[in-house]
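Working notes, structure below.
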Amino acid sequence: MLTTTGIPDGWPTDEAAARAVQDALRDRVALDEAGPPPGTGTVTGIDVAYDDEHDVVAAAAVVLDAATLDVLEEATAVGHVAFPYVPGLLAFREIPAVLGALEALRTDPGLVVCDGYGRAHPRRFGLASHLGVLTGLPTMGVAKNPFAFAHGELGRARGSTAALLDGAEEVGRALRTRDGVKPVYVSVGHRISLDNACAHALSLTPAYRVPETTRRADRLCRDALVSARRRPGT
DNA sequence: GCGACAG
DNA sequence: ATCTTGTCGC
């Protein structure tokens, strides 16, 4: 299913307003839940593709069976770019379209895996945290870059980890998902523990560095963007 | 003040 | 994120 999304009323239009929203919502993140066990229920990947030139954005949500990683349902949403890319404010750029895709699903999303960060964020409120608070769903983030955070060396084997540090605070974990391959960066969003988030990340990477959820959503939103720019409907 | 900086 | 050719390897 494909839907069209608008930018919510009151959506921030400048950086100061966006930061104020993060400060106001930050305390609503639940950090005391373990979250769903890996391999049970459903797990949903989300991603967004952009054409800033034509002010078009396409989001995708792909629901997988957590045990088999089979695709159970897919949904996309297209709309207008809601915010420029600003490090630390990625959520304001991605969330409106992502919400459109999630709302189009009829299957329970289960755990939502985001392409980016959750708690590993300057104000501890990255994309995964923000999406979790707005939807109430358990969320986690898996990023491909360490952003501004540091971490020590980690073993060469799949499953090796190193704390992602903001000063002395562990805000996430660098996790090797494939032997000898560059790690990914896992952090909690909403209603899940860091240990469990890492377990999920491993469960979702039987063959590639990046989680199956992210790979599927990435492909789908790119396809949706191509379709959207060929036949404008927004 | 300057640079670095998820996607 | 996105712009982009060829190339090495399973």
Side-chain angles (χ1 to χ4, degrees), chain A residues 7 12 15 18-19 21-22 26 29 45-62 76-101 112-133 139-151 164-167 169-175 177-190 194 197-198 201 206-211 213-229:
Chain A
I7 297 171
E15 300 184 18
R19 287 193 197 89
V21 169
Q22 294 182 327
R26 184 172 40 211
V29 174
I46 56 156
D47 197 13
V48 182
Y50 300 91
D51 180 353
D52 287 273
E53 189 82 353
H54 298 102
D55 186 32
V56 180
V57 53
V62 181
T76 57
V78 296
H80 299 293
V81 178
F83 207 84
Y85 172 66
V86 179
L89 300 178
L90 178 65
F92 296 93
R93 183 165 167 79
E94 310 226 321
I95 281 185
V98 166
L99 288 179
V112 177
V113 180
C114 301
D115 201 356
Y117 284 125
R119 189 165 170 71
H121 178 273
R123 289 170 293 284
R124 304 292 178 270
F125 199 70
L127 170 63
S129 318
H130 201 147
L131 187 63
V133 165
T139 60
M140 58 176 273
V142 178
K144 297 180 283 294
N145 296 294
F147 198 16
F149 303 106
H151 65 82
L164 239 202
L165 301 171
D166 185 356
E169 180 182 357
E170 182 179 31
V171 295
R173 215 162 271 166
L175 171 69
T177 55
R178 307 298 305 163
D179 291 352
V181 170
K182 182 184 191 297
V184 295
Y185 305 89
V186 178
S187 60
V188 304
H190 187 55
L194 183 54
C198 287
Y208 298 94
R209 175 173 88 111
V210 170
T213 38
T214 301
R215 299 185 64 249
R216 301 300 273 252
D218 181 74
R219 173 184 293 188
L220 184 58
C221 70
R222 287 185 200 240
D223 291 346
L225 183 63
V226 172
S227 304
R229 55 203 316 192

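No hydrogens, no waters, no symmetry mates; every other heavy atom, side chains included, goes into these values. A, B, ... follow the sequence lines: proteins, then strands. Residue 1 opens every chain. These numbers were taken from a predicted model, which means no experiment stands behind them.
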Would [X] and [Y] pass as an ion pair if we require N to O under 4.0 Å?
X: A:R229; Y: A:E53; answer: no
X: A:K144; Y: A:D115; answer: yes
X: A:D52; Y: A:R93; answer: yes

### Message
Is there a side-chain contact between A:E15 and A:F92 in this structure, where contact means two heavy atoms from C-beta onward sitting under 4.5 Å apart?
### Response
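No, too far: nothing below the 4.5 Å cut-off.
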### Task
Can you spot which of A:T213, A:V98, A:I46 makes a side chain to side chain contact (heavy atoms under 4.5 Å, CB included) with A:V112?
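Looking at A:T213, A:V98, A:I46, the match for A:V112 under the side chain to side chain contact (heavy atoms under 4.5 Å, CB included) is A:I46.
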### Task
Sort out for me which residue in A:D47, A:V210, A:L220, A:V62 forms a side chain to side chain contact (heavy atoms under 4.5 Å, CB included) with A:R215.
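That would be A:V210; it is the only one of A:D47, A:V210, A:L220, A:V62 passing the side chain to side chain contact (heavy atoms under 4.5 Å, CB included) with A:R215.
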Table of protein N/O atoms under 3.5 Å from nucleotides 3-7 of chain B N/O atoms:
unit_1: B:dA6; atom_1: OP2; unit_2: A:Y85; atom_2: OH; d: 3.1
unit_1: B:dA6; atom_1: N7; unit_2: A:G88; atom_2: N; d: 3.2
unit_1: B:dA6; atom_1: N6; unit_2: A:G88; atom_2: O; d: 3.2
unit_1: B:dA6; atom_1: N6; unit_2: A:L89; atom_2: N; d: 3.4
unit_1: B:dA6; atom_1: N6; unit_2: A:L90; atom_2: N; d: 3.2
unit_1: B:dA6; atom_1: N1; unit_2: A:L127; atom_2: N; d: 3.2
unit_1: B:dA6; atom_1: N3; unit_2: A:Y117; atom_2: N; d: 3.0
unit_1: B:dG7; atom_1: OP1; unit_2: A:K144; atom_2: N; d: 2.9
unit_1: B:dG7; atom_1: OP2; unit_2: A:N145; atom_2: ND2; d: 2.6

### Message
Tell me whether the rings of A:Y117 and A:F149 are parallel (<30°), tilted (30 to 60°) or perpendicular (>60°).
### Response
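Judged by the thresholds at 30° and 60°, the geometry between A:Y117 and A:F149 is perpendicular.
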### Message
Only Watson-Crick and G-U wobble pairs, only distances under 3.5 Å, only runs of 3 or more: what stems does that leave for DNA chain B?
### Response
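Stems (3+ consecutive pairs): none listed.
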### Message
Let's test your reading of the pairing rules: Watson-Crick or G-U wobble, both distances under 3.5 Å, then write DNA chain C as a dot-bracket string with ( ), [ ], | and dots.
### Response
..........
#### Entry: Sidechain-backbone polar pair: A:H130 side chain, A:F125 backbone, donor-acceptor under 3.5 Å
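No: the side chain of A:H130 does not pair with the backbone of A:F125.
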### Query
Is the backbone N or O of A:G118 less than 3.5 Å from a side-chain atom of A:S187, with the two atoms forming a donor-acceptor pair by type?
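Flag set: sc A:S187 to bb A:G118 pair under 3.5 Å.
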### Message
Could you check whether atom CZ of A:R219 has more than 12 heavy atoms from other residues, nucleotides or ligands sitting under 6.0 Å from it?
### Response
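Atom CZ in A:R219 is not crowded, with 12 or fewer foreign heavy atoms closer than 6.0 Å.
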